[in-house]
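To start, the structure under review is shown below, and the notes come after it.
Computed from heavy atoms alone, side chains included, the values below leave out hydrogens, waters and symmetry copies. Numbers for residues simply follow the sequence, beginning at 1.
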Amino acid sequence: MVEKFLMAGDTALHVCDSEQGEKTLVLLHGYLESLLVWEDFVPLLYKKVRVITLDLPGHGISEVRGEVHTMEYLADVVKGALDALGVERCTLVGHSMGGYVALAFCERYPERLEGIVLLSSTPNADTPEKAENRRREITLVKAGKKEQLAKVAPAAGFAEENRTRLKDAIEDLTEQVFLTEEEGIVALLGGMIERKDQNEMLQKTAVRQLFILGKKDGYIPLEVAEKLVERHLQAQVVWLENSGHMGFVEEPEKTAQALLDFMQ
C-alpha cells in the first residue's frame, strides 16, 4: 500500500492505495476509526483487486472542515479522491458510518459505482433515541471527556465471545479514539444526526448492492437487520454468524471472500 496525501476538492486527505488491479475496491471506515482499522484486512484483497483506504475528514489525519461534516460533504470528498487517483468506477464498501457516506455517494454519483456494500451499516436514519445519544456524546466530547468513549465504544463493537481473542484489536481501536481530534468527532456526530433515510434511494437505484451483517451486532440488533433484508430484496446478503459490528476483524476471511465474490 502506497501512502499519499492529496487534495480532494478543497479538503486535504490521507489515502493508502495498492495501485494494482483491474477493479477497484474503496473501503470507508466507521465512526472513531481511521484507515488503520483495515490494516490486517487489506492483505486478503489486494492481490485480486486494487484497494484504496482513506481517513474520512474529521478522523485519522485528514483535516476537519467546519462544525458539521454532512454525509453529502463526505461523499463529495470521496469523489474528489477518486478523481485525483484517476479511478472512474469502483465498488464502495462502507463500514458503519462509512456506509452512510457510501449511501450519500450512491445517491449523488451512481454512475461511478460498480457496486455498494453496507458492512454492518443500514440505510435507516437515526431514531430519536439514537440522535439523542449522539447529542450526549457531543456534550461529553466538548467537555473534554472523550476518554469515556474510548472506555466503551471499541469493545462494544465486538461479539462478547470474540473480545478476549481480539483484545489487541480492541486496544488498537481504543488508541484511535484518543488520537481523534475532538472537533472531528463532533463534526461527524453532527453529520450522522442530520443524515436522511436512504431506504427508498436504495430500492430505486440500479447500483448493485451487498449487505454484510453480523448476527451478534450490538449496534444493529438481529431483528433490525432481518427487517432490513426483508425490505431490500434487490440486495445480496451475507450473514456473519459469529460477528458483532466488526465483522471484517472478527471473521475477516469470510468478509473478504464475500467482497471478492460480489466483484466478480
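Side chains of Tyr100 and Thr122: a donor-acceptor N/O pair is absent below 3.5 angstrom, by distance only. Glu33 and His59 share no donor-acceptor pair across their side chains, judged by distance under 3.5 Å alone. Side-chain contact, His29 with Ser34: no donor N or O sits under 3.5 Å from an acceptor N or O.
Atom CH2 of Trp239 sits about 12.5 Å away from atom CD of Glu251, to the nearest 0.5 Å. Taking CG from Leu240 and CE from Met246, the interatomic distance works out to 12.5 Å, rounded to the nearest 0.5 Å.
Judged purely by atom type and a 3.5 angstrom limit, Ser121 has no side-chain atom pairing as donor or acceptor with the backbone of Gly94.
Across all non-hydrogen atoms, the minimal contact from Ala81 to Leu54 is CB-CD2, 4.4 Å. In plain terms, the two heavy atoms of Leu92 and Ala102 that are nearest each other are CD2-CA, 3.8 Å.
Using a 4.0 Å cut-off between a side-chain N of Lys or Arg and a carboxylate O of Asp or Glu, Glu63 and Arg65 qualify as a salt bridge. For the pair Arg231 and Glu200, the salt-bridge criterion is not met [side-chain N within less than 4.0 Å of a carboxylate O].
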Does the side-chain contact (heavy atoms from CB on, under 4.5 Å) test come out yes or no for Leu173 and Val249, once each step is laid out? CA-CA 11 Å; Leu173 282 166; Val249 181; over 6 Å; no
Take Arg195 and Glu72, measure what salt bridge (Lys or Arg N to Asp or Glu O under 4.0 Å) needs, and give me the verdict at the end. CA-CA 9 Å; Arg195 79 182 192 284; Glu72 289 75 19; over 6 Å; no
